[in-house]
Structure formats: structure tokens, C-alpha cells
Amino acid sequence: MREAVVDGDQRAGTAAPAAVAADDLPDGLLVADGAGRVVVFNRMAARLCRTDPDAALGRDLRDVLPLADADGRDWWKCSDPYGGLRTRTRQPERRLHLGDGREVLMSARYVRARPAGPLARLVVTLRDASPRERADRGRADLVSTVAHELRSPLTSVKGFTATVLAKWDRLTERQKIFMLETVNADADRVTRLITELLSVSRIESGRLEVRRAVVDLPERVRKVVAGRIAGGEAADRFRLHVAGALPELWLDADKIEQILSNLVENAVRHGAGTVTIVIEPHEEGAAVSVRDEGTGIPPEAVPRVFRQFWRSRRRGGTGLGLFIVKGLIEAHGGAITVGRAPTGGAEFRFTVPAGAPEFA
């Protein structure tokens with residue numbers, strides 16, 4: 001049905017806005033009269049139900065829109081909108097199944113001429129459940145990934161701690177140091193994972209705060225590299241090249257360090273050879289390139305690199321690092337790209353603006 005379903009009201013000093021037609025709505029809409037006959041059936045509802053919209057008009061809504069719950073029970077018989085409780089005014093959104101088994105999100109409004117009176121009109125909205133299902137699957141994947149990543153270090157921490165407590169007097173100094181160093185490293189691993197999860201949550205919810213201050217970008221890179229060397233990497237595996245004078249950069253020091261740490265770790269873990277970090281001026285800001293000498297990223301995988309849970313063939317890590325990197329860089333007003341390095345491996349290149357806060 002193509003008639004308007006929402007009319008704009010006239011306000012003083014303003015023109016009346018155009019009416020909204022049923023087919024303009026982003027969700028499926030079905031309206032049934034007091035006898036249960038369909039009087040409005042918009043294009044989106046027809047698409048979801050795979051039904052001719054004109055053929056639906058005048059028919060019983062239970063025939064036009066057969067719905068079943070998760071246990072296969074007829075939803076209309078269970079809810080009984082026309083003969084059930086007359087105090088009901090709405091049906092909150094819930095997952096239901098169409099006749100062919102596809103899931104939809106359905107909500108309803110019970111319109112009555114008077115409180116607790118008979119049903120004058122039933123307004124039903126429908127939405128495809130696939131996006132919600134994908135989001136739920138993503139959350140399930142996140143829980144599974146986190147559980148897997150936490151199990152290993154916590155098992156190690158528990159095992160070594162129990163051994164130290166039970167056999168302290170029988171352990172050599174070398175054994176004690178080894179166990180404590182392992183516990184310390186695994187605790188750092190758990191801390192990094194929790195930091196990643198908090199970053200993902202803030203990026204997705206739009207609550208990521210950027211606390212800007214003057215940052216010496218080359219010095220931050222040196223700090224990250226020094227940490228890798230202290231962790232056992234060879235010093236000659238890293239090379240820093242600063243190409244030209246940089247402007248004063250106002251950035252969030254902690255988040256920039258997190259970006260650099262993730263990119264360098266990605267190059268070390270998944271690349272090969274020398275990891276080269278190039279810093280250069282770029283459009284009144286700076287550009288940073290992190291390159292390795294490995295096999296690079298296959299062209300078909302490039303569009304997926306910055307998605308959650310993307311991992312290379314080696315399947316290392318949580319698959320959240322590059323997603324977080326992209327979110328942190330964009331929060332600074334910058335951008336990141338991935339391509340092939342001059343040395344043949346992968347090159348991650350990001351830019352950040354130099355703009356100082358107004359209060360400065």
C-alpha cells in the first residue's frame with residue numbers, strides 16, 4: 001500500500017514537512033485492521049516475506065505473515081493479539097522465524113480505541129535478523145578468542161606459582177628465576193590482552209578519548225624498539241630512518257606507542273628480515289611506514305586486514321591488533337594503508353596531522 005503513514009504537523013513559522021509513505025520506511029511494515037485483515041504492507045515487508053505487496057492486502061495477517069518461535073510454535077496462536085489480554089499495548093522486539101525458516105526481528109504495537117478496549121489496529125514492524133546474527137557471532141568469536149588467549153598464560157602462572165610455593169626449598173636459584181620470569185611474561189601477556197579488549201570496546205562505542213600533548217615521534221619509536229630488544233630480539237633487526245624535519249606533533253603519547261608497538265610486533269611476528277621504520281613529513285603532519293622483508297600480504301587479503309579477528313596463515317595472536325591500530329589512528333584524524341614494501345614484504349603506512357589543540 002502506498003498511502004502515507006506518517007504526516008508532519010504544521011508548526012508556527014515553519015512549512016509542513018512532507019508526509020512519509022510506507023515504502024519510505026527502512027523496516028518492513030504491516031498494519032492489520034480490527035478484523036485482522038492487512039491494510040498496509042510496504043515494499044520492505046514484501047521483500048522480507050517474499051510476497052507480492054498488492055496480493056497481501058485484504059488477506060488475514062496470519063496467512064500473509066506466518067511466524068513461529070524458536071520451538072516451532074505458531075506465534076499468532078501463542079500471542080493471540082485479538083483475543084488475549086486487553087491491557088497490552090506493545091510487543092518488544094524479538095526473534096521469530098518466517099515460514100521458510102529465515103529469522104526476522106519483529107515488534108508490534110497494539111492500537112486500541114480506548115484503554116483495555118478491543119484491538120482496533122495491529123502495527124507490526126519487521127527487520128532482517130542477519131546483521132544482528134553476525135554481530136552476535138562476532139561477540140561469540142571474541143569470547144572464544146579471549147578464553148583461548150587467557151587459558152595458556154593463566155595455566156602457566158598457576159602451575160609455576162604452585163610449584164614455587166610447594167617446592168621453594170628444593171628449587172635452585174636458576175629454576176626460581178626462570179619460573180618467576182615466565183610468570184612475569186605471562187602476566188604482561190594477560191595485561192596486553194585486557195588493554196586490547198578495552199580499546200576494542202571504546203572504539204566500537206565511540207568513547208575513545210585522545211589526550212593530546214607534544215610527542216617526539218622518533219623517540220617513541222626508539223622506545224618501542226628498545227623494548228623489543230630487551231625482550232630478546234636482535235638489535236640489528238631494526239632500523240629507524242627519519243627523513244626530514246618534522247613539525248610539532250600533538251598526539252596521545254600512550255596511543256601512539258600502542259600503535260607503534262602493534263605494527264612493530266606484527267612485522268616481527270609475521271614478517272622476516274630487517275624491520276624498517278621510516279618517519280617523514282607529510283602535509284603539515286607526519287607519515288610513519290613500518291616495513292618488513294617477508295612474503296607480504298596477499299592482494300586478496302588486503303581488504304580484510306583491518307577487520308576484527310583477521311589473522312594471517314600463521315594464525316598467531318587475537319586478530320585484534322590491526323583493528324585497534326586503525327581505530328586509534330582514525331581517532332587522531334589520520335589514516336592507515338597497507339601495501340608492498342620496497343624490500344618485498346608488507347608495508348603499513350599511517351599519517352597523523354600536526355594540528356595543536358586550540359587551548360595550547
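These numbers come from the heavy atoms of this one structure, side chains and all, not from hydrogens, waters or symmetry mates.
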Would you say the side-chain atoms of [X] pair up with the backbone N or O of [Y], donor to acceptor, closer than 3.5 Å?
| X | Y | result |
| --- | --- | --- |
| Asn42 | Ala22 | yes |
| Gln175 | Thr172 | yes |
| Trp76 | Leu65 | yes |
| Asp292 | Val275 | no |

Going through the distances and angles, do Leu240 and Val225 end up as a side-chain contact (heavy atoms from CB on, under 4.5 Å)? CA-CA 9 Å; Leu240 171 62; Val225 170; over 6 Å; no

Same cluster (ILVMFWY, side-chain, under 4.5 Å), [X] and [Y]:
| X | Y | answer |
| --- | --- | --- |
| Val183 | Trp168 | yes |
| Ile329 | Val278 | no |
| Val157 | Val164 | yes |
| Leu322 | Val338 | yes |
| Val268 | Val288 | yes |

Do [X] and [Y] come close enough that some side-chain heavy atom pair is under 4.5 Å?
| X | Y | value |
| --- | --- | --- |
| Leu246 | Pro218 | yes |
| Leu251 | His332 | yes |
| Trp75 | Gln91 | yes |
| Met179 | Lys176 | no |
| Leu122 | Tyr82 | yes |
| Pro81 | Leu119 | yes |
| Val325 | Ile336 | yes |
| Leu217 | Ile256 | yes |

Should [X] and [Y] count as an ion pair when the cut-off is N to O under 4.0 Å?
| X | Y | result |
| --- | --- | --- |
| Asp63 | Arg59 | no |
| Glu330 | Lys326 | yes |
| Arg127 | Asp27 | yes |
| Arg211 | Glu209 | yes |

Hey, mind stepping through Arg239 and Ile277 against side-chain contact (heavy atoms from CB on, under 4.5 Å) and telling me if it holds? CA-CA 6 Å; Arg239 186 168 72 90; Ile277 303 102; over 6 Å; no

When you look at CZ of Arg47, are more than 12 heavy atoms from neighbouring residues, nucleotides or ligands closer to it than 6.0 Å?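 No - once you tally the heavy atoms of other residues, nucleotides and ligands closer than 6.0 Å, there are 12 at most.
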
Check this for me: Arg121, atom CZ, are more than 12 non-hydrogen atoms of other residues, nucleotides or ligands nearer than 6.0 Å?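 No, the 6.0 Å shell around CZ holds no more than 12 heavy atoms from other groups.
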
With rounding to the nearest 0.5 Å, note down the distance linking [atom1] in [X] to [atom2] in [Y].
| X | Y | atom1 | atom2 | answer |
| --- | --- | --- | --- | --- |
| Arg222 | Ile229 | CZ | CD1 | 12.0 Å |
| Ile177 | Thr182 | CD1 | OG1 | 11.5 Å |
| Glu265 | Leu260 | CD | CG | 12.5 Å |
| Asp69 | Lys77 | CG | NZ | 12.5 Å |
| Lys255 | Ser261 | NZ | OG | 13.5 Å |
| His282 | Ser289 | NE2 | OG | 10.0 Å |

Derivation of the side-chain contact (heavy atoms from CB on, under 4.5 Å) call for Phe41 and Cys49: CA-CA 10 Å; Phe41 196 72; Cys49 299; 4.2 Å; yes

Please name the pair of heavy atoms, one in [X] and one in [Y], separated by the smallest distance, quoted to 0.1 Å.
| X | Y | result |
| --- | --- | --- |
| Arg73 | Cys78 | CB-SG, 3.8 Å |
| Pro247 | Ala354 | CG-CB, 3.9 Å |
| Leu61 | Ala32 | CD2-CB, 3.4 Å |
| Phe178 | Phe160 | CE2-CZ, 4.0 Å |
| Ala56 | Thr51 | CB-CG2, 4.4 Å |

List the atom pairs, donor and acceptor, that lie under 3.5 Å between side-chain atoms in residues 98-114 and the rest of the protein, sequence neighbours left out.
from, atom 1, to, atom 2, distance (Å)
Asp100, OD1, Arg102, N, 3.2
Asp100, OD1, Arg102, NE, 3.3
Asp100, OD2, Arg102, NE, 2.7
Asp100, OD2, Arg102, NH2, 3.1
Arg102, NH1, Leu48, O, 2.9
Arg102, NH2, Leu48, O, 2.7
Glu103, OE1, Arg95, NH1, 2.8
Ser107, OG, Thr125, OG1, 2.6
Arg112, NE, Arg86, O, 3.0
Arg112, NE, Arg88, O, 3.0
Arg112, NH1, Gly117, O, 2.9
Arg112, NH2, Leu85, O, 3.3
Arg112, NH2, Arg88, O, 3.1

Run the numbers on Ile259 and Ile324 for side-chain contact (heavy atoms from CB on, under 4.5 Å), then give the verdict. CA-CA 8 Å; Ile259 291 167; Ile324 293 171; over 6 Å; no

Residue of the set Val124, Asp24, Val123 for which side-chain contact (heavy atoms from CB on, under 4.5 Å) holds with Leu29: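 The option that passes is Val123.
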
Please test Ser199 against Gln258 for side-chain hydrogen bond (donor to acceptor under 3.5 Å, both in side chains), starting from the C-alpha separation and ending with a verdict. CA-CA 10 Å; Ser199 296; Gln258 187 177 358; 3.3 Å; yes

Run the side-chain donor-acceptor check on residues 344-353: report pairs under 3.5 Å with partners two or more places apart or on a different chain.
from, atom 1, to, atom 2, distance (Å)
Glu347, OE2, Arg291, NE, 2.5
Glu347, OE2, Arg291, NH2, 3.1
Arg349, NH2, Glu280, OE2, 3.4

